[in-house]
2 protein chains.
Amino acid sequence: MRGRSDVLEPAILGLLHESPMHGYELRKRLNLVLGSFRALSYGSLYPALKSLADRGWIVGSESPEGAPHAVTSKRARIVYQLTADGKEHLQEVLASSGPSTWEDENFDVRFAFFGQTDAETRLRILEGRRTRLTERLEQIRQSVARTRERMDEYTLELQRHGLEQVEREVRWLDGLIDNERGVRRARPTGTGRPAAADSPAAAPASADAARNTEKERG
Amino acid sequence: MRGRSDVLEPAILGLLHESPMHGYELRKRLNLVLGSFRALSYGSLYPALKSLADRGWIVGSESPEGAPHAVTSKRARIVYQLTADGKEHLQEVLASSGPSTWEDENFDVRFAFFGQTDAETRLRILEGRRTRLTERLEQIRQSVARTRERMDEYTLELQRHGLEQVEREVRWLDGLIDNERGVRRARPTGTGRPAAADSPAAAPASADAARNTEKERG
DNA sequence: CTCCAGATGTATCGACTTGATACATCGATC
DNA sequence: GATCGATGTATCAAGTCGATACATCTGGAG
């Protein structure tokens, strides 16, 4: 359970918070929302659901919504929803903003659910992430500088390209941070309105960006 | 062996082709060359080495290079090198340019070893990759268009960002393809000179780019 | 109307990877 | 002369993917 499921579980809880769902749909939505950077297979989804149910954060019911008539038939489907404990746990998770939330995949998930996170936490995560990437940048630069001689041109180009990716990502974060600050200044209470999209600075993606995104589309 | 080891094995063979090496160094170099998009752990390296040795493509010797004196001691280290069969196999692999070489991680590895690949194969891989990404782009666009309404702003921003990543990658490929064509035209025989780096179009990274890059920075 | 291809749906398996760790030797620095 | 970190080989538990099995529902072609 302590693999990278730190990614899976919050994502599942976050989606179920919006509305109850069954596995198949969960997978579709998950691959749509996180799809740009993360694939989800049944082999991890179903065990995760079981584990969440075991811990009492979600419950699975076999009867769908209001279908009063036919008793039998109805295709087998298990609709999951959050329990009170689950909601509580989700709130805790969403309020956290420690180092783990600055890591690649964790950050992506947290960002995807920023809509359910308060403004202060958002800002802390964005800034932590930015610091994290800046450190990485420095390490890449040193590493490249130290070995430039021995590299052939294609390897060099690959590294140069990777470096630029990260730089671009930092600039993207800068844009987002500016936005969050702007919102906070304009609306001191932090109404929850995100505001982003077409800011001038906005640009690259959270990191390895849209790789998959085609496993299941809708 | 049929997992994503399609990535590992060519990379190992490619590195060993440059010079014999032992596991530890192999890992360092691998994380340096592929480091921007791929981590390599011992848990996959050693089994892969064993498998390659079993198939007769590499051999591991316990005596390092010319150390004629002391018989015993000398820290345990196994230096691997390509066999004749291994070189042959590597040539086959490097000459291939089918659909699998257009996929994310496979492409990255192939690109990293473009220096050992002939100009024609390079071009085929680059163009195949480009087509691949263009298809993906179309799918993402449709997917986003179909669900724009239901998405909150942060999710939307994440998707927009992912989309832009891929678009940028296509432009990067365009630059590389132009370069390859230019080289071919200027030097019909394809001397092997890559030429790239500071072309005007060059920009983003092969895909999920420099994530890791810090696991070992020799 | 019938049949069947393809979407929906739950679930498992084998092969593979990661991250941590165990173990051991070498090289410095104090 | 000992302690700390880099070098070096190797394994393990936990978790993941991709494929697949199985079943039902739906929309059209014939």
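A note on names: the letters A, B, ... follow the listed sequences, proteins ahead of strands, and every chain is numbered from 1. Because the structure is predicted, anything quoted here is derived from the model rather than measured.
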- [ ] Using a 4.0 Å heavy-atom cut-off across all strands, classify B:Ser41 as base, sugar-phosphate, or nothing.
- [x] base
Task: Test ring-ring contact (aromatic ring centres under 6.0 Å, His included) applied to A:Phe114 - qualifying residues, sequence neighbours left out - done: A:Phe111, B:Tyr154
TODO: Output every pair passing side-chain hydrogen bond (donor to acceptor under 3.5 Å, both in side chains) with a member in residues 84-99 of chain A, not counting sequence neighbours, ordered by first then second residue.
DONE: A:Ser96-A:Arg110, A:Ser97-A:Arg124
TODO: Using whole Å, report how far CG of A:Leu8 lies from C1' of D:dT16.
DONE: 9 Å
Open item on the list: In this structure, how many angstroms lie between the P atom of C:dG19 and the CG atom of B:Leu45, rounded?
Closed with: 15 Å
- [ ] Return the value, rounded to whole Å, for the distance between atom CD of B:Glu103 and atom P of D:dG18.
- [x] 11 Å
With 3.5 Å as the limit, what N/O pairs link the protein to nucleotides 9-13 of chain D?
residue: D:dT9; atom: OP1; partner: B:Ile78; partner atom: N; Å: 3.2
residue: D:dT9; atom: OP2; partner: B:Gly23; partner atom: N; Å: 3.3
residue: D:dT9; atom: OP2; partner: B:Tyr24; partner atom: N; Å: 2.7
residue: D:dT9; atom: OP2; partner: B:Tyr46; partner atom: OH; Å: 3.1
residue: D:dT9; atom: O5'; partner: B:Tyr46; partner atom: OH; Å: 3.4

Open item on the list: Just to verify, what does A:Glu135 make a salt bridge (Lys or Arg N to Asp or Glu O under 4.0 Å) with, not counting sequence neighbours?
Closed with: none
TODO: Using the test side-chain hydrogen bond (donor to acceptor under 3.5 Å, both in side chains), find all partners of A:Ser41 that sit at least two apart in sequence or belong to another chain.
DONE: A:Ser44
Task: Interatomic distance where CD belongs to A:Glu9 and C1' belongs to D:dA14 [whole Å] - done: 13 Å
TODO: Whole angstrom is fine here: how far is it from CG in A:Asn31 over to P in D:dG18?
DONE: 10 Å
TODO: May I ask you to say whether A:Arg130 pairs ionically with A:Glu127, meaning some side-chain N is under 4.0 Å from a carboxylate O?
DONE: no
- [ ] Take atom CG of A:Asp6 and atom P of C:dT18, then tell me their distance rounded to the nearest Å.
- [x] 17 Å
Open item on the list: According to ring-ring contact (aromatic ring centres under 6.0 Å, His included), who are the partners of B:Tyr46, at least two apart in sequence or on a separate chain?
Closed with: B:Tyr42
